[in-house]
Every structure is written in C-alpha cells, then in structure tokens.
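All figures in this text were calculated on a predicted structure; none of them were measured in a lab.
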Amino acid sequence: MLFLVAALMLLGVVLGTVAHAPLPVTAALAVLIAVWLGIFALREHHGRRRRHSAD
C-alpha cells in the first residue's frame, strides 16, 4: 500500500513537471525515453534468447 502511495506521488510530480515544461522539451524527453526503453527491450530479448538456447 505504501508503494502505491509513493508511486502515485511520484506520478503527480512527474505530470506536474511535464505540464509546466514547453512542448518541444516534453517531446524531446518522450522520444529519449522511448529510445531508451526500446534499447532495453531489445537487450532483454536477445539476452533471454541466448540464455534459453544454451540450456
């Protein structure tokens, strides 16, 4: 329950920051986060495939 409260507070802070940031800054950060998550997903996918094929 405490984790949920902390997550909601953090979400409120992040959304509040985005609401006050200029649109180009928000868009640039959104693209940066999307690229970062894409790279992470690819690394996880390749890591899991390599681990399972060795078994």
Residue list, side chain to side chain contact (heavy atoms under 4.5 Å, CB included) with Ile39, at least two apart or on another chain | Val35, Arg43
State which residue, out of Val31, Val25, Thr26, fulfils the side-chain contact (heavy atoms from CB on, under 4.5 Å) condition with Leu29.
-> Val25
Which distance, rounded to the nearest 0.5 Å, do you find between the CG of Leu37 and the CG of Leu32?
-> 9.5 Å
With sequence neighbours left out, the residues meeting side chain to side chain contact (heavy atoms under 4.5 Å, CB included) with Pro24 are Pro22
